[in-house]
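If you're wondering where the values come from, they're calculated on a predicted model, not measured in any experiment. Throughout, protein chains are lettered first and strands after them, A, B, ... in sequence-line order, and every chain is numbered starting at 1.
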Amino acid sequence: MMEKTYDPKQVEPKIYKMWLDGGYFHADENDNTRETFTIAMPPPNVTSQLHYGHAFEHAMIDVIIRHKRMQGYNTLWMPGIDHAGIATQIRVEEFLRKEQGVTRHDLGREKFLEHVWEWKNKYGDRIIEQSKLLGTSCDWERTRFTMDEGCSKAVREVFVRLYEQGLIYKGDRIINWCPKCTTALSDAEVEHEESEGKLWHIKYPIKCSGEFLTVATTRPETMLGDTAVAVNPNDERYKHLVGKTVVLPLTDREIPIVADEYVETEFGTGCVKITPCHDPNDFEVALRHDLERILVLDENACVNENGGKYKGLTREKARLAVIKDLTDLGLLEKTETHIHNVGHCDRCKTICEPISSKQWFVRMKKLAAPAIECVKSGEVRFVPERFSKVYLNWMENVRDWCVSRQLWWGHRIPAFICQDCGEIIVAREDPAACGKCGSVRLEQESDVLDTWFSSALWPFATLGWPDETPALQRFYPTQVMVMGYEIIFLWGARMIFSGINYLGKPPFHTVVIHGMVRDSEGRKMSKSLGNGVDPVDVINEYGTDALRMSVITGVGPGNDTRYFPEKCETMRNFCNKLWNASRFALMHVTPEDTELKDGLCLEDKWILTRLYQVIGEVTDNLERYELGVAAGKLYDFVWGELCDWYIELIKPRLLDGDTIARSVLYRVLTDSLKLLHPFIPYITEEIWQTLPGMDKAIIVCDWPKAGKMYNNEAAGMERVMDAIRAIRARRSELNVPPSKKAPLTIVTENTADFEGGKAYIARLAGASEITVTDTAPKSRDGLLSLTTTAAELFLPLAELVDLEEEKKRREKQLAKTRAEIKALEAKLANPGFTSKAPPQVVEGERVKLEELKKIEKKLL
RNA sequence: GGGAGCAUAGCUCAGCUGGGAGAGCACAUGCUUUACACGCAUGGGGUCGCAGGUUCGAGCCCUGCUGUUCCCACCA
């Protein structure tokens, strides 16, 4: 027997086990009878545990997957975990420092990696357990990890292929360097933050002339690596100086003045110090003018041996020292405040340093072209559409991708360097000897790959690629990808060009973008703020279904949402409402009620019509990934129509043992459960298992289909409901206690509709006895009258009413009605409207006008 | 410097292809109505940011403005 209150804790583990035991999550690659529907899970990072954003994302994916499963697709939700290179390495390093007081360098590469694997095993398992709590219907048998054997094979294959295609190269370039993580980063891993800095104007003496040339810089310490000063070739002020030499202060070097178009005459002084090793533009200028390159910062962003007396100083200290020395020399002309963007490491938030360094790069132009085309042509589409612009803008301006990282945790680059001749060998198998000189002294590149290098292969590496596995053949390309807007570049873009380049097809046709979950004040949930909400706590408090419903309902596509406990409470209440409605139904329905019976009453036809409308709309919303709207409609339908009205309407019939009402209730409830199942899977399955006549789990039931609609009867029922609402409102206004029943006379043209509903009208409108007639009473004395579109209602309650007030009220209603009539008549008299508006709209307005006129007549 | 989003009830937000201004919470009043107080009924509360335009008709489409958030970008 069902408890009075739904208790998720008792239900959820039991139901999840039932699903697992039933094998419902498993997708069979040998099943060739059904169309497939696949989503690859964005693999959570092994850094720690699931956060609220994962709950949001997993809820969305599970809704889509469960809907498709019920529609009969061979459905695969492919789960897994990401090794998350830098992020995890940082976490483990932090952990080791705190727990054991050691650094990774103390341990050495091998030993350190053992610790990371230990971490991975612990947190990877925990993440999967947490994900299961959310009710996710993943095919856990296929769970993958970005550094498992298969993924590693895929990574190596891709690296080698790109190398063979000439799309991967090792080169000396300016890259973003994080001095704390001591690794290179890609452009996409740098966050730019606007901050107030300074613009220092420094005088550089021109050789053999008492004159100076003033440069403006935001990073004065880099002047130690200057190898030129550049001016615009068309700048009249400096034309005569081009080719001359400047004595670089604080050093003993002399550097040329060159002319380059890159220099803006308007900005600063129009003279730019050129520091090829510490600025990407300067690097380009240096290439054009064949300038010397001097690196002055080391991997910790401290001045190196090229910095003369500043050697060993951190960049911050070096800056102060340089400024002080320049001031002492009288070479600091002025200092201005200056707002500019400073790059920060995505992971540790340290300010990045542009540094020239030998790194591995993926050449992007060729790869980007088809990835741009497939979105432009609509082969791959973003939902909502606006994100395709974000994607295209990035892809069209993409620069080569720096993929090497000076880390230990990750896929080690499969390149081997001959220690004798310097030859680089990139191969699928570890080479035994150098192909050029025959030396066996080969050393593997110590760097690892960007973590996103392996993530980019996720949709097919998880299916077995590069091997032609049955799973790959069956499930690739996948259908949908769900991801947050913040990783469109980092991940989405790279999966798309990877899929096209290696398999000839984009990895999915639809990218559903979601926003992020913020705290109740709209702030990002973060560790430093301590405002993160643990989804597991919320599950314990309100239940998984309430959590899922709360993150889905009323959230616009691609929009951020906020966490409010009140919203979870509302959804828990909703679950409880559904629970109790089902409990009520179970008190009446029998296995004989599973088939819809003939002889439907007005209210039956109404609720069935509404159900079928909702089925159509919700299905449509789901097909368009409008999950929030779909969930909202179901909430409203179940609570506001099924529970508040239909169940109340049929109570008298159920007490009479009416089997027709039972069969309708059964149908509406079961279809509602099915429609709700993708959103709130646990409670719907639990109720389903309790219902009579159920032979299979709801998770694999057929998605409901609309049946015969009764639009006229549905409208008729709405008129009866209007009358009930009107009576309730008047009684409430007049403070008539519900216990005080009063006789009711209904004067209406639709006598049949009201006649059939006498029993429930009595219950819902507090009527003792009801007379339905088509003729108005001769005398209105002592009667309170109410006017609705379909009826005039008379209650012997006049003694409760101030007659003057009542007269005024009627006059007010009349005036309002007349004003509406006037407006409608004007509208209908407008040929522009009648000829141009769609006929059904015009017709609707005509009907409305007629109804208003009827009301007017009754009010006279 | 580019691009995008948002601005709707006290709060948080829905509103899909233009035709009814909505929900939850909060608030007020009244209810032990035989599923549910995690409940029921009723009610108050909005110039849909501002100004124009298109249209028979605009919260929705167009233009401009204001405020706000975010993304991208190599003016030192």
All stems with RNA chain B, defined as three or more consecutive Watson-Crick or G-U pairs under 3.5 Å: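 In RNA chain B, stems of three or more pairs: B:1-7 with B:66-72, B:10-13 with B:22-25, B:27-31 with B:39-43, B:49-53 with B:61-65.
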Pairing of Arg219(A) and Glu353(A) as salt bridge, 4.0 angstrom limit: yes
What is the distance, to the nearest angstrom, from the CD atom on Glu521(A) to the C1' atom on U69(B)?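 Spelled out: CD on Glu521(A) to C1' on U69(B) is 16 Å.
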Test of understanding: with salt bridge (Lys or Arg N to Asp or Glu O under 4.0 Å), list the residues that count as partners of [X], not counting sequence neighbours.
X         : result
Asp346(A) : none
Lys812(A) : none
Glu845(A) : Lys827(A), Lys848(A)
Glu193(A) : none

Using atom types as modelled, flag every donor-acceptor pair under 3.5 Å from a side chain in residues 725-738 of chain A to any protein atom, sequence neighbours excluded.
{"unit_1": "Arg728(A)", "atom_1": "NE", "unit_2": "Leu764(A)", "atom_2": "O", "d": "3.1"}
{"unit_1": "Arg730(A)", "atom_1": "NH1", "unit_2": "Glu733(A)", "atom_2": "OE1", "d": "2.9"}
{"unit_1": "Arg730(A)", "atom_1": "NH2", "unit_2": "Glu806(A)", "atom_2": "OE1", "d": "2.6"}
{"unit_1": "Arg731(A)", "atom_1": "NH1", "unit_2": "Lys740(A)", "atom_2": "O", "d": "3.1"}
{"unit_1": "Arg731(A)", "atom_1": "NH1", "unit_2": "Gly766(A)", "atom_2": "O", "d": "3.2"}
{"unit_1": "Arg731(A)", "atom_1": "NH2", "unit_2": "Pro737(A)", "atom_2": "O", "d": "3.1"}
{"unit_1": "Arg731(A)", "atom_1": "NH2", "unit_2": "Lys740(A)", "atom_2": "O", "d": "2.6"}

Does anything in residues 556-571 of chain A form a salt bridge (Lys or Arg N to Asp or Glu O under 4.0 Å)? List the pairs, not counting sequence neighbours.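 Of all non-adjacent pairs touching residues 556-571 of chain A, those that pass salt bridge (Lys or Arg N to Asp or Glu O under 4.0 Å) are Arg518(A)-Asp560(A).
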Qualifying salt bridge (Lys or Arg N to Asp or Glu O under 4.0 Å) pairs, either residue in residues 272-289 of chain A, two or more places apart: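 As it turns out, the salt bridge (Lys or Arg N to Asp or Glu O under 4.0 Å) pairs with a partner in residues 272-289 of chain A, which skip direct neighbours, are Asp226(A)-Lys273(A), Asp260(A)-Arg288(A).
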I'd like a table of donor-acceptor pairs (distance under 3.5 Å, sequence neighbours excluded) in which one partner is a side-chain atom from residues 638-645 of chain A, with atom names and distances.
{"unit_1": "Glu641(A)", "atom_1": "OE1", "unit_2": "Arg610(A)", "atom_2": "NE", "d": "3.1"}
{"unit_1": "Glu641(A)", "atom_1": "OE1", "unit_2": "Arg610(A)", "atom_2": "NH2", "d": "2.8"}
{"unit_1": "Glu641(A)", "atom_1": "OE2", "unit_2": "Arg610(A)", "atom_2": "NE", "d": "2.8"}

Interface polar pairs with nucleotides 24-34 of chain B, N/O, under 3.5 angstrom:
{"unit_1": "G24(B)", "atom_1": "O2'", "unit_2": "Thr570(A)", "atom_2": "OG1", "d": "3.1"}

side-chain hydrogen bond (donor to acceptor under 3.5 Å, both in side chains) with Ser526(A): which residues, sequence neighbours excluded?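 For Ser526(A) the side-chain hydrogen bond (donor to acceptor under 3.5 Å, both in side chains) partners, ignoring immediate neighbours, are Ser528(A).
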Atom pairs under 3.5 Å: protein N/O with N/O of nucleotides 16-19 of chain B:
{"unit_1": "C16(B)", "atom_1": "O2'", "unit_2": "Arg624(A)", "atom_2": "NH2", "d": "3.1"}
{"unit_1": "C16(B)", "atom_1": "O2'", "unit_2": "Glu626(A)", "atom_2": "OE2", "d": "3.4"}
{"unit_1": "C16(B)", "atom_1": "O2", "unit_2": "Arg624(A)", "atom_2": "NH2", "d": "3.3"}

